[in-house]
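Data first, discussion second: the structure below is written as structure tokens.
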Amino acid sequence: MDNIAIKVENISKKYVINHETTNGDDNFREVVMAATKNIANNLNPWTKKQQKIKTTEDFWALDDINFAINKGDKVGIIGRNGSGKSTLLKLLSRITEPTTGKIHINGRIASLLEVGTGFHPELTGRENIFLNGVILGMDRAEIKAKFNEIVAFAEVDKFLDTPVKRYSSGMYVKLAFSVAAHLAPEILIVDEVLAVGDANFQKKCLGKMDDVSKDGRTILFVSHNMNAIEQLCNKAILLTNGSISYFGDVQNAIHKYLSNDGVAQNSTWKRENNKLDNDYFSPISVQVIDETGAVPAMPITNNQDYFIEIEANVEILHLALTIGYCLYSEDYLPLYWSYYTDAGKEDWPVLERGKNILRSKLPKRLLNEGIYHIELIAELHLVKWLFEPRKNNPTIQIEIHGGLSESPYMTQKRPTILAPILKWQKTNV
């Protein structure tokens, strides 16, 4: 055990999902009979006798996980949304306990799992730095020795004495990462929260994690960005439906993840239960369709009309409700967001209470050949997320092959993400 930082033995994690349904008179004949009985009893004739039925469902987020990570290893944890990545990190960080199995940790852990983790919103940035240091078992002198480095790296010196509840999400993550990376933990666990920061800060974070690992400390890093995983990590764990489908060389893990072993080939998502419901709308399906409304076989060509179709039941017609999708490259680099409210207000589709079907045409001859992921996103604009990007939302996948151009000079995939056909002309100066 001397060289082992983390050892996981037969870990499983079960959640109990509660469902509530209403049992009432289902058909017209039964409704009329119930109304007749109510009239006889001087009751509202159309009052239906309904009963709330509560049921539970066991959901195993992780199932019999085993692995050991050596000190100094840089391990990427990858897998599609819902594969169990965040649950595993919460178990390793002692935020929640496993249902079965044991976890052995050799050293202090600093975790950065989501915006706000480990910070007290009423305390200032300065006070939270010292609070986190104490939680990690450091004395005041050790924290003071690192204090200036933490502040400089986080770039929040002007707001150091401001309560962190007033920080933007980017400022929050910058300070949280800086604290976690500088206060000398033996094990550093970082989730996808770095996606909140700007590109320069993400690059700086990757550099800092690389420096941390060179000091012999252990890193666990969850990301959908395969370039970042490949750049930082020397090993990777691939999770599929709550189980480890591969643990070893990082390039092999990425290859399996991007192949049929690791990524579903579904171009249609359909609702199976009500756990994704919210007060405003309930998604029913997300799919790719052609001009006839049929779901096409994959791959599709780049020169035909295809549509992203989102079907949902709208419960509340909130003025700020907006629904759309995020399109990602094969290695989950976000390419664009599209909402039905992107155009001028006069061109917005008018939603109604009940079932709505929204369609958006995929841009022809913009994307290159390859695999792309399409994720449902929705929010109350400037109020709150309903389906926040990269949060286990309904996701489908498409594959594009052929139809790039009519040009004889563009007959194969280009070494880029996008491959737009742009108009050129010659001008005389």
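Each residue takes its place number in the sequence, starting with 1.
- Looking at His104 and Glu9, their side chains do bring a donor and an acceptor atom within 3.5 Å of each other.
- The residues Lys85 and Asp191 are annotated as not salt-bridged, no charged nitrogen and carboxylate oxygen being separated by less than 4.0 angstrom.
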> Given Asp63 and Asn241, is the side chain to side chain contact (heavy atoms under 4.5 Å, CB included) satisfied, shown in steps?
Replying inline: CA-CA 9 Å; Asp63 185 17; Asn241 297 325; over 6 Å; no

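- No side-chain donor-acceptor contact under 3.5 Å links Tyr325 and Tyr340.
- Proximity of Ile103 to Arg94: side-chain heavy atoms (C-beta onward) are separated by under 4.5 Å at one or more points.
- Just one of Val222, Val190, Ile95 meets the side chain to side chain contact (heavy atoms under 4.5 Å, CB included) condition when paired with Leu89; it is Val222.
- Met209 places none of its side-chain heavy atoms less than 4.5 Å from the side chain of Gln231.
- Annotation: side chain of Leu91 is not in contact with side chain of Ile65 (no heavy-atom distance under 4.5 Å).
- Here CG of Leu188 is found 10.0 Å from CZ of Phe221. Values are rounded to the nearest 0.5 Å.
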Exercise. Begin from the C-alpha positions of Glu352 and Val314 and carry the test side chain to side chain contact (heavy atoms under 4.5 Å, CB included) through to its verdict.
Key: CA-CA 7 Å; Glu352 300 175 350; Val314 175; over 6 Å; no

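- With respect to Asp277 and Arg271, a salt bridge is recorded, a charged nitrogen being found less than 4.0 Å from a carboxylate O.
- Contact of the Thr395 side chain with the Trp269 side chain is not registered, since no non-hydrogen atoms from C-beta on lie closer than 4.5 Å.
- With contacts defined as side-chain heavy-atom distances shorter than 4.5 Å, the pair Asn393/Trp385 does not qualify.
- Within a 6.0 Å radius of CZ in Phe147, more than 12 heavy atoms belonging to other residues, nucleotides or ligands are found.
- In this structure, Glu375 and Tyr332 have side chains that are not in contact, with every pair of non-hydrogen atoms separated by 4.5 Å or more.
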